[in-house]
Amino acid sequence: MFWLPIHIPKLFFALWLEELYLTTPGVDYVPSFELVTNPKQVANHYLANWRTVSDAGVLTAMNCFLGQHQDACASSINVQEEFIIRSQ
C-alpha cells in the first residue's frame, strides 16, 4: 500500500499514478471516487446518510473497471446480475 500526503495537488497525484501504471505490471487505477462523487449522479450513488456508497455507486465503479478489462476477464461477468444474486 502506498501512503500519499493529502496536500499533494491532484495533478501530481494523477501523474504519479500514470507513471506507476506504466512502469509496474499488475497495477491499475480505477477512478471510483470520481465516478461515485460525480455531481450529476451523486444523489444516486449514496444512501440517505450520505456516508455510505449505494449499490448503484458500486455498480458504476465495477462496470467501469470491467469495461476496461473485458479482455482480461476470462468470464466477462455482468456485475449488476452478479451483485443482485449475491445480495438476495
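Quick note: numbers below take in every heavy atom, side chains included, and nothing from hydrogens, waters or symmetry partners.
- Residue pairs satisfying the salt bridge (Lys or Arg N to Asp or Glu O under 4.0 Å) criterion with at least one member in residues 43-52, sequence neighbours excluded, are absent.
- Contact detail for W50 and V42: the closest heavy-atom pair is CZ3-O, 3.8 Å.
- Remark: side-chain polar atoms of N49 are paired, donor with acceptor, to backbone N or O of T52 under 3.5 angstrom.
- Within the structure, salt bridge (Lys or Arg N to Asp or Glu O under 4.0 Å) contacts touching residues 32-47 (residues at least two apart or in different chains) are K10-E34.
- Taking E18 as the reference, nothing meets the salt bridge (charged side-chain N to carboxylate O under 4.0 Å, His left out) condition, with sequence neighbours excluded.
- Under the 4.5 Å side-chain heavy-atom criterion for grouping Ile, Leu, Val, Met, Phe, Trp and Tyr, L66 is not connected to Y21 through any hydrophobic cluster.
- Every residue meeting the side-chain hydrogen bond (donor to acceptor under 3.5 Å, both in side chains) condition with N44, not counting sequence neighbours, appears here in chain and number order: Q41.
- Counting only N and O atoms by type, the side chains of H45 and T37 include no donor and acceptor under 3.5 Å apart.
- Looking at residues two or more places apart in sequence or on another chain, you find no side-chain hydrogen bond (donor to acceptor under 3.5 Å, both in side chains) involving T24.
- The hydrophobic cluster around L35 extends to none of the other residues, as no ILVMFWY side-chain heavy atom falls under 4.5 Å of it.
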